[in-house]
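The chains referred to below are lettered A, B, ... by the order of the sequence lines, with proteins before strands, and numbering in each begins at 1. Atoms considered below: every heavy atom in the structure, side chains included; atoms not considered: hydrogens, waters and symmetry mates.
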Amino acid sequence: MKAKVETLLKDTISQLMKNGDIPEVEINDDLIETPANKSFGDFATNIAMVIASKAKRKPRDVAQIVVNALSHQDMFDKVDIAGPGFINLSIKPISWVNVLKDIHREKEKFGISTYGAGKKVQVEFVSANPTGPLHIGHGRGAAVGDILARILAATGFDVQKEYYINDVGNQMKTLGRSVYLRYMELLGKDIEFPKEGYQGDYIKDLASELKQIHGEKLLALSQDEAIEIAKDFAGNKILDGIKEDLDIFGVRFDNWFSEETLFKQGKVEDTFAKLKEKGLLYEHEGALWFKSTEFGDEKDRVVKKQDGLLTYFASDIAYHRDKIDRGFERVIDIWGADHHGYVPRITAVLEAFGADKDSFHALLIQLVSLVRGGVPVSMSTRSGEFVTLREILDEVGKDVTRYFFLMRRADSQLEFDIDLAKKRSEENPVFYIQYAHARICSILKKAAEAGITPEIKDVDLALLTTGDDLELIKMLAAYPNMLIACAKALEPHRISFYLMELASSFHRFYNKNKVITDNKNLTSARVILIDAARQVIANALSLMGIEAPEVM
RNA sequence: GCGCCCAUAGCCCAGUUGGAUAGAGCGUUGGACUACGAAUCCAAAGGUCGCAGGUUCGAAUCCUGCUGGGCGCACCA
């Protein structure tokens, strides 16, 4: 509906400008807003004030011209000028009910749009090192990334979800050494376990599996060879576990990108050569530097150290160059907020390889703290004392976990209250929403049993324009545009707030109006209405990867 | 010391990218089932949008400076 009004307004304005009725000025895209106060109508525009201030005319005069042009449009009930020059637009109730036909026709596709115009977008998220199981912080990144990607796909982008596997470097070596030492320990050797080694119990489990497979054979090898074997074994095993956890969480990636392949395919060396050609790579004090200051970073960054080893950033450069080479027009990385310092240098990489600065977005996810029984659960990754995503999933389930991670904006810290998450009650918003869905299904079932299964073409939808029913319809009509707003702002949390409002809107309607009554026509109309509400709730939940149960 | 993020009702958070009288939920108080699911609804109370300036027709939103909290500032990954 909003899109319709916006198009109409734009056409009207440009026609008026062509005729010379109002001065020609540049207009930006967002013309229509929803006023905070319902008495101001369904939509409002400040276009007259914008034009007036640019052309030095009186806002209300410009507004009057626009109003005259709009007022004989069929869809409007009322078009008037308010305050300093707002134009308030009230839509005829009968225009609203048409959205029910759209929903009925499009069903699970209702809400899908072509806003993204098929633009190729990559969303990279989680990307945890395969050195240990996913913890709850990774879970938030997984939920946000997955749901954002789904929203982008629903709004017409060509989206790829990717997981970057950091399977090279010191941390992997440390993993190999940790498992190797535990393995030696199992064979009765005296070992000294280093502080920087991985302490968790899962390391001992991996060591014992390693022993089952290889017996004592690794003793015959050199330590380096044995560690290499332990590293590969543990890395693969942990990665399998990560994939399994994500699968349970409902997160499927389109591509798993191994850092190691960058080296094997010579992409890192090739990238260095390209940078050298561009004059963006130089030697200084025996190290090799990337000239990121060229693109606004505060200092240049080392890619090859004095000792000849590459930094982690070196593969990051090659990796992000590869993203551009693969044809992505937008690159979205989802990181923990503690990595915010890396934004300028990665932006620099994208720019160095010819991408537009605005084509790269780093979405920073703030940390998650866990609360149980009202007290914070301490987590220290080092000591191996952390709550894994898997434990949360086993305890509270996929649906609630996914929803809870989307209950806050990504850039605000999140407190995950396990007791609240497990509560099947009013305090838990997930059940509030699912309850609305189940309630509707229950009514529809009862209606069907009574032989009430109306065809939308036979129903008088004009009966639904009185009060709470119209409010509910307006909520349903807002769904497609809400998704576009999520996509525009890269803010997937908005969908969870929308769902709360929609569920609330339905519950209010339900409590005031009986669906199944002796009035046959009204009953039919209301059955159509709540079926549409059911459809939109189901669509939104499905985008969030949450079940929409018919009974609870 | 430099940089980034946050600060909104007793609590936890929204706030449509600068709009009109700042909103939900929880909690508190009072009400609604001999009606399709009360896991619901209705009503009331609750605010110097951290503080102080500035920009303009208009600021929770943008700019500057403070205060308080989180996080970064490696030839670590």
Side-chain angles (χ1 to χ4, degrees), chain A residues 2 28 30 32-37 39-40 44-46 49-50 52-53 59 82-86 88 129 131 166 168-174 196 284-289 298-299 301-313 315-316 336-344 364 366-367 407-409 411-415 417 420 423-429 431-432 434-436 438-447 449-450 452 478 481-482 485-486 488-489 491 493-494 496-497 500-501 503-504 506-517 523 526-527 530 551-552:
Chain A
K2 192 172 185 175
N28 58 349
D30 295 311
I32 301 284
E33 60 191 81
T34 312
N37 193 324
S39 66
F40 295 140
T45 175
N46 62 352
M49 285 140 85
V50 173
S53 73
F86 290 103
N88 290 335
N129 296 350
T131 54
N166 301 121
V168 180
N170 270 332
Q171 294 202 5
M172 290 305 288
K173 270 185 201 147
T174 305
E196 66 276 11
H284 178 64
E285 293 178 349
L288 206 54
W289 299 70
E298 58 182 10
K299 62 182 289 244
R301 308 291 171 177
V302 170
V303 296
K304 189 186 256 179
K305 300 183 278 181
Q306 269 180 348
D307 61 12
L309 292 178
L310 294 173
T311 63
Y312 190 84
F313 183 49
S315 27
D316 262 346
D338 52 341
H339 288 77
H340 69 254
Y342 295 76
V343 177
L364 302 171
Q366 278 291 350
L367 60 92
M407 273 198 327
R408 302 268 182 280
R409 305 168 37 146
D411 58 11
S412 76
Q413 297 186 7
L414 173 76
E415 201 170 84
D417 186 331
L420 176 59
K423 239 183 238 180
R424 327 248 135 180
S425 79
E426 59 193 48
E427 291 167 76
N428 189 330
F431 290 96
Y432 180 83
Q434 291 182 324
Y435 178 58
R439 208 177 207 185
I440 293 171
C441 290
S442 166
I443 301 167
L444 290 174
K445 194 174 156 219
K446 180 156 185 161
E449 280 163 3
I452 306 165
N481 208 264
M482 182 278 305
C486 287
K488 255 186 205 173
E491 288 181 351
H493 72 276
R494 294 184 188 199
S496 66
F497 286 90
M500 275 296 285
E501 275 188 64
S504 164
F506 165 73
H507 285 310
R508 189 177 312 120
F509 169 80
Y510 169 88
N511 271 279
K512 283 203 213 160
N513 306 279
K514 199 161 153 58
V515 174
I516 301 166
T517 61
T523 298
R526 286 181 173 167
V527 165
I530 64 167
V551 289
M552 293 173 69

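The aromatic ring of A:F40 sits over the base of B:A20, with ring centres less than 5.5 Å apart and planes tilted by under 30°.
You'll find that the side chain of A:A44 is closest to B:A20, out of B:C75, B:A20, B:C36. You'll find that the side chain of A:A287 is closest to B:C75, out of B:C75, B:G37, B:G19. Between B:C36, B:C73, B:G37, one nucleotide has an atom nearer to the side chain of A:Y342 than all others, and that is B:C73. Of the candidate nucleotides B:G15, B:A20, B:A39, B:G15 has the atom nearest to the side chain of A:E491. Comparing B:U17, B:G37, B:G72 by their nearest atom to the side chain of A:A489 picks out B:U17. For A:I443, the side-chain atoms get nearest to B:G37 when compared with the rest of B:G37, B:A39, B:C57. For A:M49, the side-chain atoms get nearest to B:C57 when compared with the rest of B:C57, B:C41, B:G37. The side chain of A:H340 lies closest to B:G72 when the candidates are B:G72, B:A20, B:C41. Across B:A77, B:A39, B:C41, the shortest atom-to-atom separation from the side chain of A:Q171 is found for B:A77.
Of all heavy-atom pairs between A:A503 and A:Y432, the closest is CB-CE2, 3.7 Å.
Cation-pi geometry between A:R439 and A:F506 is not met at under 6.0 angstrom from the ring centre and within 45 degrees of the axis.
A:T34 comes within 4.0 angstrom of a nucleotide base, judged by non-hydrogen atoms across all strands.
Between A:K299 and B:C75 there is a side-chain N or O to OP1 or OP2 distance below 4.0 Å. Between A:R508 and B:U40 there is no side-chain polar atom (N or O) within less than 4.0 angstrom of OP1 or OP2. Between B:G15 and A:H493, a contact under 4.0 Å exists linking OP1 or OP2 to a side-chain N or O. An OP1 or OP2 oxygen of B:A35 is reached within less than 4.0 angstrom by no side-chain nitrogen or oxygen of A:Y510. OP1 and OP2 of B:A74 both lie 4.0 Å or more from every side-chain N or O belonging to A:R301.
For RNA chain B, runs of at least 3 consecutive pairs of the Watson-Crick or G-U wobble type, with both hydrogen-bonding distances under 3.5 angstrom, map to B:1-5 with B:69-73, B:28-32 with B:40-44, B:50-54 with B:62-66.
For B:C33 and B:A38, the C1' atoms lie 7 Å apart once the distance is rounded to whole Å.
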Could you run down the sub-3.5 Å N/O contacts of the protein with nucleotides 9-13 of chain B?
residue	atom	partner	partner atom	Å
B:C12	O2'	A:R408	NH2	2.5
B:C13	O5'	A:R408	NE	3.0

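No donor-acceptor contact under 3.5 angstrom links the side chains of A:Y342 and A:D316, judged on distance only.
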